[in-house]
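Only heavy atoms go into these numbers, but all of them, side chains included; no hydrogens, no water, no symmetry mates. In what follows, residues are counted from 1 in the order of the sequence shown. Numbering of ligands and ligand atoms starts at 1, following listing order.
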Amino acid sequence: MKKYKIGYTTGVFDMFHIGHLNLIKRAKQQCDYLIVGVSTDDLVVSYKNKKPIIPFEERLAIVESIKYVDKVVPQITMDKMNAWNDLKFDVMFHGSDWKNSEMYNKIIDDFKTVGVDVVFLPHTEGISSTMLSEILQKIKVQ
Ligand code: CTP
């Protein structure tokens, strides 16, 4: 019997890597049904000012094919309560890199009002989409 019924997690999942897989696998260990919100290209551009390297439809298809993922949805806004109104999950997971951030402290407070837990899972050190993109950039310059 798992602790939670419906779990939710989000991300860009650009150039899908082992850190993403670890996060998704650990999330599924704690819930029966895992929903993953994949950020749209427009959303990423709106707060990062750069487009992901892999287009949204491809990132969505990759995440959807992972055996720990029960459902994928587009993440079109950073407002997690908006997603909860549609999906009614019991828990939201995120890597521990965002623990104690202003954004997640607010999400924790907001979700408390509707009885949703926020669980931070261990962040996998030494890999990120940003790092991969910097490596690609260096290769291009050489
Ligand atoms: N994540 C993780 N370990 C990593 C990279 C990501 O646990 N090494 C987790 C994040 O904490 C988040 C999810 O995977 O819960 C999606 O992260 P995302 O932002 O898409 O990936 P990053 O590689 O962190 O991307 P970026 O470098 O653009 O921040």
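The option with the heavy atom closest to atom 24 (O) of ligand 1, from among Ser39, Gly19, Ser128, Ala27, is Ser128. The option with the heavy atom closest to atom 1 (N) of ligand 1, from among His123, Met92, Arg26, is His123. Scanning Asn22, Leu23, Thr124 for the heavy atom closest to atom 3 (N) of ligand 1 points to Thr124.
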Which donor-acceptor pairs under 3.5 Å do side chains of residues 68-78 form with protein atoms, sequence neighbours excluded?
{"from": "Asp70", "atom 1": "OD2", "to": "Lys28", "atom 2": "NZ", "distance (Å)": "2.8"}
{"from": "Asp70", "atom 1": "OD2", "to": "Leu34", "atom 2": "N", "distance (Å)": "2.7"}
{"from": "Gln75", "atom 1": "OE1", "to": "Lys80", "atom 2": "NZ", "distance (Å)": "2.8"}
{"from": "Gln75", "atom 1": "NE2", "to": "Ser39", "atom 2": "OG", "distance (Å)": "2.9"}
{"from": "Thr77", "atom 1": "OG1", "to": "Asp79", "atom 2": "N", "distance (Å)": "2.9"}

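Taking the ring centroids of Phe111 and Phe89, they lie under the 6.0 Å cut-off.
Under 4.0 Å from ligand 1, heavy atoms of Ile127 appear from its side chain as well as its backbone. At a heavy-atom cutoff of 4.0 Å, ligand 1 is contacted by both the backbone and the side chain of Thr130. Residue Lys48 touches ligand 1 through its side chain alone, judged by heavy-atom distances below 4.0 Å.
At a 3.5 angstrom cut-off on N or O pairs, Phe13 counts as close to ligand 1. Annotation: Ser96 places no N or O atom under 3.5 Å from an N or O atom of ligand 1; distance criterion only. Residue-to-ligand polar distances place His17 within reach of ligand 1: an N/O pair is separated by less than 3.5 Å. For a threshold of 3.5 Å applied to N or O pairs, the pair formed by Thr10 and ligand 1 contains no separation below that value. Between Gly95 and ligand 1, an N or O atom pair is found at a separation short of 3.5 Å. Between Trp98 and ligand 1, no N or O atom pair is found at a separation short of 3.5 Å.
Residue-ligand proximity, Asp97 to ligand 1, at heavy-atom distances under 4.0 Å covers atoms 10 (C), 11 (O). Residue contact check: Val12 has heavy atoms under 4.0 Å from atoms 20 (O) of ligand 1.
Counting only heavy atoms of the protein, atom 12 (C) of ligand 1 lies nearest to His94 CE1, 3.6 Å. Regarding atom 21 (O) of ligand 1, its nearest protein heavy-atom neighbour is His20 NE2, 2.8 Å.
Minimum heavy-atom separation, Asp14 to Ser129: O-OG, 2.7 Å. Across Ser133 and Ile53, no two heavy atoms sit closer than the pair CB-CD1, 3.8 Å. Across all non-hydrogen atoms, the minimal contact from Gly7 to Phe93 is CA-CE1, 4.0 Å.
For the pair Asn22 (side chain) and Thr124 (backbone), a donor-acceptor distance under 3.5 Å is absent.
The aromatic rings of His94 and Tyr104 sit tilted, their planes meeting at an angle between 30° and 60°.
More than 12 heavy atoms of other residues, nucleotides or ligands shown are found within 6.0 angstrom of CH2 on Trp84.
Salt-bridge formation is detected for the pair Asp41/Arg59: a Lys NZ or Arg NE/NH1/NH2 atom is positioned less than 4.0 Å from an Asp or Glu carboxylate oxygen.
In this model, a donor atom of one side chain and an acceptor atom of the other lie less than 3.5 Å apart for Asp117 and Tyr4.
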